[in-house]
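Step one of this worksheet: look at the structure below.
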Amino acid sequence: MDDRDDNDGLLSIGAFARRVGLAPSALRFYDDCGVLRPARVDEVTGYRFYAPGQEPRAALLRRLREAGVPLTDASLVLDGPPERRARCSRRTPGRRGRRPTRPGR
């Protein structure tokens with residue numbers, strides 16, 4: 001079964017949700033918040049379609065939220081400079097804002 005719709009290689013919201021590990025309701029919420037907009041929305045039905053190229057952003061958003069990063073901070077990481085993304089990736093869950101300590105310290 002092909003997950004792609006006949007809409008120029010775009011994925012339906014359900015297919016995209018399965019690929020990135022998010023619920024369709026979460027994708028609709030992230031669209032409403034402007035954090036993860038679909039590539040196309042059908043003007044008649046309102047159905048959302050996502051491009052395969054949006055998968056890395058969605059997966060990063062999922063990981064950030066699973067780590068307890070608030071949505072406003074996650075959007076700063078997603079849309080901010082690459083240095084912010086690198087700093088965030090060095091953080092450990094439960095210790096937000098601090099870098100992990102080295103063994104022996």
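Computed over heavy atoms, backbone and side chain alike; hydrogens, waters and symmetry mates excluded.
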For Leu10 versus Ala39, what's the shortest heavy-atom pair and its separation? CD2-CB, 4.0 Å
Between Ser12 and Tyr47, which heavy-atom pair has the shortest distance, and what is it? CB-CE2, 3.9 Å
Taking ring-ring contact (aromatic ring centres under 6.0 Å, His included) as the definition, give me every residue that meets it alongside Phe29, ordered by chain and number, with sequence neighbours left out. none
Taking the basic N atoms (NZ, or NE/NH1/NH2) and the acidic carboxylate oxygens, is any pair closer than 4.0 Å for Asp79 and Arg37? no
I want to check something: taking the side chain as every heavy atom from C-beta on, are Tyr50 and Arg19 in contact at a cut-off of under 4.5 Å? no
Taking Leu61 as the fixed residue, which of Leu71, Val20, Leu27 is the one that meets the side chain to side chain contact (heavy atoms under 4.5 Å, CB included) rule? Leu71
Evaluation steps, side chain to side chain contact (heavy atoms under 4.5 Å, CB included), between Phe49 and Asp42: CA-CA 8 Å; Phe49 296 92; Asp42 186 282; 4.3 Å; yes
Which heavy atom of Phe16 sits nearest a heavy atom of Glu55, and at what distance? CE1-CG, 3.6 Å
Flag, side chain of Arg57 to backbone of Val35, donor-acceptor distance under 3.5 Å: yes
Would you name the heavy atoms of Ser75 and Thr72 that are closest together and state the gap between them? OG-O, 2.8 Å
Go through Asp32 and Arg48 one step at a time and tell me if the salt bridge (Lys or Arg N to Asp or Glu O under 4.0 Å) criterion holds. CA-CA 12 Å; Asp32 292 343; Arg48 295 163 171 91; 3.7 Å; yes
Heavy-atom nearest pair, Ala58 first then Leu22, reads O-CD1, 3.9 Å
Sorted by chain and number, sequence neighbours left out, salt bridge (Lys or Arg N to Asp or Glu O under 4.0 Å) with Arg28 holds for none
Sequence neighbours excluded, the answer for salt bridge (Lys or Arg N to Asp or Glu O under 4.0 Å) partners of Arg62 is Glu66
Donor-acceptor check, side chain of Arg63 to backbone of Ala67, threshold 3.5 angstrom: yes or no? no
